[in-house]
Amino acid sequence: MPELPEVETLVRGLRAHLIGRRIVAVRLGKTDFIDDPAALERDLPGKRIQAVDRYGKFLLLRLETPDVAPKETTEDADGRYSLVVHLGMTGGLTPQYADQPVALHTHAFFSLDDGRELRYTDIRRFGRLTLVPEAALEAFFCKLGLDPLDTTEEEFRRRLAGRSAMIKALLLDQHNFRGMGNIYCDESLWRARIHPARRAAGLASVQVVRLYRAIRKVLSEAISLRGSSVSDYVDAEGQPGSYQRRHRVYQREGKGCFRCGEKIRRVIVAGRSSYFCPRCQRAPQKRTGQTNRDRRVRAGTPKM
DNA sequence: AGCTCTTCCTGAAAGC
DNA sequence: TGCTTTCAGGAAGAGC
C-alpha cells in the first residue's frame with residue numbers, strides 16, 4: 001500500500017516522464033472516486049505538466065496553460081491547477097504507450113503529447129483524483145500535519161504531548177503527521193521498542209526521542225530502497241520496491257523477532273492489524289479490576 | 001475537542 | 001471440488 005516512501009519513489013520516477021508534457025485528452029472509466037469528473041474532462045486538455053510533487057501521501061501534477069495570453073481575464077486565466085492524486089490502497093499511476101494492453105481496473109487515461117498516456121489504476125477505488133486551482137491548494141492541504149522527515153525533535157514531542165490516544169492511532173492520523181501508514185508505523189514502533197497500544201501521554205521522554213529517530217530512519221531507508229511492495233505497489237516503471245525485505249515485524253506474525261527471537265504477534269490497534277514483539281515492546285498496563293473512571297483520571301492532565 | 005469505530009471496495013485466502 | 005466468509009487498509013464521517 002502506498003505510503004510516504006512509495007509515493008516519493010513514484011513522484012521521482014514520474015518527473016522524468018511527465019515534466020514538460022502536455023495533456024491532450026482525458027478518458028475516464030468508473031468515476032465514483034473522482035471529486036468532479038466533468039472538471040477533469042473539461043479543464044485538463046491543453047494543460048502542460050510543469051512539476052510533480054508529493055505532499056504527505058498525496059501526489060501533485062502541477063499544471064499550467066502554455067502560451068496563455070495575459071490579457072485574458074477569466075478567473076482561471078493563468079490555468080494554474082494541480083491534479084491531486086491519492087493512491088488509497090491500490091492506486092497506481094504509470095505512463096504507457098497507447099497500444100500497450102490496458103490493465104484491469106484502469107479508470108483514468110490522460111493522453112500526452114508524446115503519444116503515451118498516463119493511466120490511473122485502482123482495484124479498490126479507495127484513491128482519489130481532484131483538480132484543485134492554485135489558489136485553493138493551501139486550503140486543500142491545511143488540515144494535514146507535519147512531514148516526519150521535515151520535523152524537529154521538539155516539534156515531534158510537542159505534537160504528542162498530552163495526547164491520551166494510543167500512539168499508533170496518532171501516528172496513523174494524517175492530521176498529526178502526514179505520510180505514515182500501517183507498515184511504517186509498525187516498523188518504527190518496533191525499532192523504538194514501543195507497543196502500538198501505548199498511550200502517547202504515558203511515554204517517557206527517552207521513548208519519544210527513540211520513536212522520532214526510528215521513524216526518520218525507517219522512512220529514509222525505505223525511500224532509498226524504493227518503497228515496500230507487499231500487495232501491488234509498483235513505481236513509475238512498473239517495478240516493485242524492495243524495502244519489504246527489511247520489514248522486521250509487518251506481516252511476520254509467529255516468526256522470530258530480529259532482536260530477541262520472541263515470536264512476533266498481531267493485535268488490532270486503531271482498527272488495523274498491528275505487528276509487534278511482545279518482549280521488546282511491552283504492552284500497556286492490563287485493565288485488571290480498574291474502572292473506566294480510574295483510567296480516565298490516570299490519563300488526564302497532571303495536577304497543577 | 002478528542003478519541004474510537006464503522007464504512008467504502010475488490011480479490012486472495014481461509015473455512016466448510 | 002466449489003461455494004461462502006473473512007480479511008486487508010486510508011480516511012471520511014458518525015457517535016460517544
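Sequence lines set the chain letters: A, B, ... in the order given, protein chains first and strands last, and positions in each chain run from 1. Heavy-atom basis, side chains included; hydrogens, waters and symmetry copies ignored.
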Take atom [atom1] of [X] and atom [atom2] of [N], then tell me their distance rounded to the nearest Å.
X	N	atom1	atom2	answer
A:Gln251	C:dC7	CD	C1'	11 Å
A:Met89	B:dC9	CE	C1'	10 Å
A:Asp186	C:dA8	CG	C1'	13 Å

When all nucleic acid strands are considered with a 4.0 Å heavy-atom cut-off, which category describes [X]: base, sugar-phosphate, or nothing?
X	result
A:Met1	sugar-phosphate
A:Arg266	sugar-phosphate
A:Lys30	sugar-phosphate
A:Ser273	sugar-phosphate

Compute both the distance and the angle, then confirm whether A:Arg116 meets the cation-pi test with A:Tyr97: under 6.0 Å from the six-membered ring centre, within 45 degrees of the axis. yes

Would you say the side-chain atoms of [X] pair up with the backbone N or O of [Y], donor to acceptor, closer than 3.5 Å?
X	Y	value
A:Glu6	A:Ser228	yes
A:Asn182	A:Ser273	yes
A:Lys263	A:Glu253	no
A:Arg216	A:Pro148	yes

A:Tyr120: ring pair (Phe, Tyr, Trp, His ring centres under 6.0 Å) partners, not counting sequence neighbours: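 If we apply the ring pair (Phe, Tyr, Trp, His ring centres under 6.0 Å) test to A:Tyr120, skipping adjacent residues, the hits are A:Phe33.
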
Tell me whether the side-chain N/O atoms of [X] come closer than 4.0 Å to OP1 or OP2 in [N].
X	N	value
A:His105	B:dC9	no
A:Tyr250	C:dG9	yes
A:Arg124	C:dA8	no

DNA chain B contacts made by residues 233-243 of chain A, counting heavy atoms under 4.0 Å: none

Take atom CD of A:Glu154 as the centre, draw a 6.0 Å sphere, and report whether it contains more than 12 heavy atoms from other residues, nucleotides or ligands. yes

Test applied, side chain to side chain contact (heavy atoms under 4.5 Å, CB included); reference residue, A:Leu93; option that passes from A:Thr121, A:Val52, A:Leu10, A:Val234: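 Of A:Thr121, A:Val52, A:Leu10, A:Val234, side chain to side chain contact (heavy atoms under 4.5 Å, CB included) with A:Leu93 is met by A:Leu10 alone.
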
Give me the one residue out of A:Val84, A:Asp36, A:Leu63 that meets side chain to side chain contact (heavy atoms under 4.5 Å, CB included) with A:Leu131. A:Leu63

Heavy-atom protein contacts under 4.0 Å, nucleotides 11-16 of chain C, coded B base, S sugar-phosphate only, - none: B-----

Is the closest side-chain heavy-atom distance between A:Arg157 and A:Val209 below 4.5 Å?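 With C-beta onward as the side chain, the pair touches.
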
Flag the pair A:Glu262 / A:Cys280 as yes when at least one side-chain heavy-atom distance between them is below 4.5 Å, and no otherwise.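 Answer no - side chains too far apart.
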
Between A:Tyr243 and A:Tyr184, how do the two ring planes meet: parallel, tilted or perpendicular, split at 30° and 60°? tilted

Heteroatom pairs (N/O) under 3.5 angstrom, protein to nucleotides 1-4 of chain B:
unit_1 : atom_1 : unit_2   : atom_2 : d
B:dC3  : OP1    : A:Ser164 : N      : 2.8
B:dC3  : OP1    : A:Ser164 : OG     : 3.2
B:dC3  : OP1    : A:Ala165 : N      : 3.3
B:dC3  : OP2    : A:Arg163 : NE     : 2.7
B:dC3  : OP2    : A:Arg163 : NH2    : 2.6
B:dT4  : OP1    : A:Arg199 : NH1    : 2.7

Rounded to 10°, tell me the angle between the two end axes of the helix from B:dG2-C:dC16 to B:dC16-C:dG2, each built from five pairs.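 The two end axes of the helix from B:dG2-C:dC16 to B:dC16-C:dG2 meet at 60°.
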
Test applied, ring-ring contact (aromatic ring centres under 6.0 Å, His included); reference residue, A:His86; option that passes from A:Phe140, A:Phe126, A:Phe141, A:Phe58: A:Phe58

How would you list, by chain and number, every residue that makes a salt bridge (Lys or Arg N to Asp or Glu O under 4.0 Å) with A:Arg54, sequence neighbours excluded? A:Glu8, A:Asp147

